[in-house]
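One is the number of the first residue; the rest follow in order along the sequence.
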Amino acid sequence: MMKELQRITGRYLQYFNIKDPNLQIVLANDMYECQKNYGFTDRAKTLDEATARKNWKYVAACMKYPRSMDEPFVLIFKKPYLQRVSECELYRLVFHELTHMCDYRDYARLNHLSSYEELFKNPQTVLFQHWSEYHAERRGYAAWLKHQYGIQLKYGTNRTDIMEKETVSNIQYYGEHYTNTAEYGSTRQIYFTMHLLARTSIWMDVLPYQVADILSKDPFDYRGVEWIKKLLYLFRKYPNITQMNDHFMEIAHIIAENMALTRDQLWEKV
């Protein structure tokens, strides 16, 4: 399993021309216990242990940034999960977590940080983290499509039947998770929204007309789609972190506009 993760990591580093990555890959049976050994551990806890452990139960992989700039990033993968998934899902997970690593490195460089802990001294950091979730899932999902169906973004696809099915099923999946995770607060809901945005941006690349048609139909003709469209326009306008770095506050304005709506207002017809 470790050799497979290292092989896929090598593919990522070569494809995106990443030089001298300082990283460590860890396999874990218990993600909650394992992740506590890496990254910052002295930060105040916001969740009781039972709730935190419950949340980590569903995590298949994560990236832990280092305590200091000269220590490695750590990518942790849940071994029991990896043992039962396909190769395309391995690609998605590895590409996703490696993209987080690259985003954090680039953000620190662009903003002249001397420690990754400085990320939490600026309220704008959480907006960067939201964007990185979008960016990571975009690369991860693109890798999944390539290895599941042979679809490569730069060449488009004639597999419209597959992609239309992917579009509808994913919108429904993330819509349900968005609704069902309301009890965990807005951060968890935004997490699922960022994944949906990432996948929608890819569908727009390969099926622009079909996706526009799908989004115009019930049950997707609601105010929440307008919010998604605004974020999607922003992210596609600034597709990499160098371009996006001066625009993270715009995410907050769009999210605040949506969070001000009641549930009834959100699902009210536009």
Side-chain angles (χ1 to χ4, degrees), residues 4-18 21 23 25 59-63 73 75 77 81-82 85-107 128-174 177 190-212 214-215 228-229 231-244:
E4 185 70 359
L5 293 177
Q6 291 171 336
R7 181 182 69 82
I8 296 173
T9 296
R11 295 287 298 275
Y12 181 99
L13 300 177
Q14 180 182 31
Y15 185 85
F16 291 106
N17 194 29
I18 307 300
L23 68 95
I25 298 176
V59 176
C62 72
M63 183 276 295
F73 282 83
L75 308 186
F77 296 92
Y81 180 78
L82 300 189
V85 298
S86 62
E87 183 184 50
C88 60
E89 175 64 3
L90 288 180
Y91 266 92
R92 188 191 71 81
L93 285 174
V94 174
F95 273 51
H96 183 110
E97 299 306 332
L98 283 170
T99 300
H100 279 313
M101 180 195 75
C102 293
D103 288 346
Y104 276 70
R105 290 201 321 172
D106 289 342
Y107 187 85
F128 153 71
Q129 291 174 309
H130 292 331
W131 175 85
S132 183
E133 200 59 50
Y134 159 85
H135 192 220
E137 186 59 17
R138 179 177 164 84
R139 286 188 176 179
Y141 183 58
W144 187 90
L145 284 175
K146 179 180 179 181
H147 290 86
Q148 176 72 0
Y149 298 120
I151 294 172
Q152 299 185 57
L153 301 191
K154 61 182 177 181
Y155 299 118
T157 182
N158 59 1
R159 306 290 299 275
T160 56
D161 57 330
I162 290 175
M163 289 305 293
E164 287 183 16
K165 182 178 178 181
E166 273 286 299
T167 304
V168 173
S169 64
N170 273 258
I171 289 175
Q172 291 173 338
Y173 172 85
Y174 285 105
H177 277 68
I190 292 169
Y191 169 88
F192 284 110
T193 300
M194 293 301 153
H195 279 227
L196 175 58
L197 285 168
R199 295 179 180 226
T200 303
S201 72
I202 288 177
W203 303 324
M204 290 181 69
D205 286 340
V206 296
L207 292 176
Y209 300 110
Q210 290 92 332
V211 170
I214 289 168
L215 290 176
I228 287 173
K229 287 178 181 177
L231 284 174
L232 195 60
Y233 175 80
L234 177 67
F235 293 165
R236 290 173 69 85
K237 184 178 181 180
Y238 306 110
N240 59 59
I241 193 169
T242 301
Q243 296 169 306
M244 188 67 199

Practice item. Evaluate the side-chain proximity of Leu82 to Leu5: yes if any heavy-atom separation is below 4.5 Å, no if none is. Key: yes

Point to revise | Test item: His147 side-chain N/O and Ala143 main-chain N/O as donor-acceptor pair under 3.5 Å | key: yes

Study note, to complete from the structure: OG1 (Thr200) and CZ (Phe235) are apart, to the nearest 0.5 Å, by 11.5 Å

Practice item. Taking side chain to side chain donor-acceptor pair (under 3.5 Å) as the test, write out the residues that go with Arg138, two or more places apart. Key: Ser201, Asp205

Check your understanding: Looking at Tyr12 versus Tyr91, is the centre-to-centre ring distance below 6.0 Å?
Key -> no

Point to revise | Thr99 (side chain) donor-acceptor with Phe95 (main chain) under 3.5 angstrom | key: yes

Practice item. With the side chain counted from C-beta on, respond yes when His135 and Met244 share a heavy-atom pair under 4.5 Å apart, and no when they do not. Key: no

Exercise for review: Nearest 0.5 Å please: distance from the CG atom of Leu93 over to the SG atom of Cys62.
Suggested key: 11.0 Å

Exercise for review: Could you list the residues that satisfy salt bridge (charged side-chain N to carboxylate O under 4.0 Å, His left out) with Glu133, not counting sequence neighbours?
Suggested key: none

Practice item. Apply side-chain contact (heavy atoms from CB on, under 4.5 Å) to Leu13 and list each qualifying residue two or more places apart in sequence or on a separate chain. Key: Thr9, Ile18, Pro21

Point to revise | Least distance between heavy atoms, Arg92 atom then Tyr141 atom | key: CG-N, 4.0 Å

Check your understanding: Heavy atoms, side chains only, cut-off 4.5 Å: are Val94 and Arg11 in contact?
Key -> no

Practice item. Would you give the length of the straight line joining atom CG of Leu98 to atom CG of Leu23, rounded to the nearest 0.5 angstrom? Key: 6.5 Å

Point to revise | Partners meeting ring pair (Phe, Tyr, Trp, His ring centres under 6.0 Å) with His100 (sequence neighbours left out) | key: His96

Check your understanding: Are the aromatic ring centres of His195 and Tyr191 under 6.0 angstrom apart?
Key -> yes

Exercise for review: List in chain and number order the residues that pass side chain to side chain donor-acceptor pair (under 3.5 Å) with Glu87, two or more places apart in sequence or in another chain; answer none if no residue qualifies.
Suggested key: Arg7

Check your understanding: Which pair of heavy atoms, one from Glu97 and one from Met63, lies closest together, and at what distance?
Key -> OE1-N, 3.1 Å

**Study point:** Met194 side chain near Leu231 side chain, heavy-atom distance below 4.5 Å
**Key:** yes

Review point. What closest approach, in Å, do Asn240 and Trp131 show between heavy atoms, and which atom pair accounts for it?
Key: C-CZ2, 3.9 Å

Exercise for review: With sequence neighbours excluded, tell me which residues meet side chain to side chain donor-acceptor pair (under 3.5 Å) with Tyr15.
Suggested key: none

Point to revise | Residues forming a side chain to side chain donor-acceptor pair (under 3.5 Å) with Tyr107, sequence neighbours excluded | key: none

Check your understanding: Does a side-chain heavy-atom distance below 4.5 Å link Glu4 with Leu90?
Key -> yes

Review point. Listed by chain and number, what are the ring pair (Phe, Tyr, Trp, His ring centres under 6.0 Å) partners of Phe73, not counting sequence neighbours?
Key: Tyr116

Check your understanding: How would you list, by chain and number, every residue that makes a ring pair (Phe, Tyr, Trp, His ring centres under 6.0 Å) with Tyr81, sequence neighbours excluded?
Key -> none

Exercise for review: Applying side-chain contact (heavy atoms from CB on, under 4.5 Å), name anything that partners Pro239, two or more places apart in sequence or on another chain.
Suggested key: Gln243

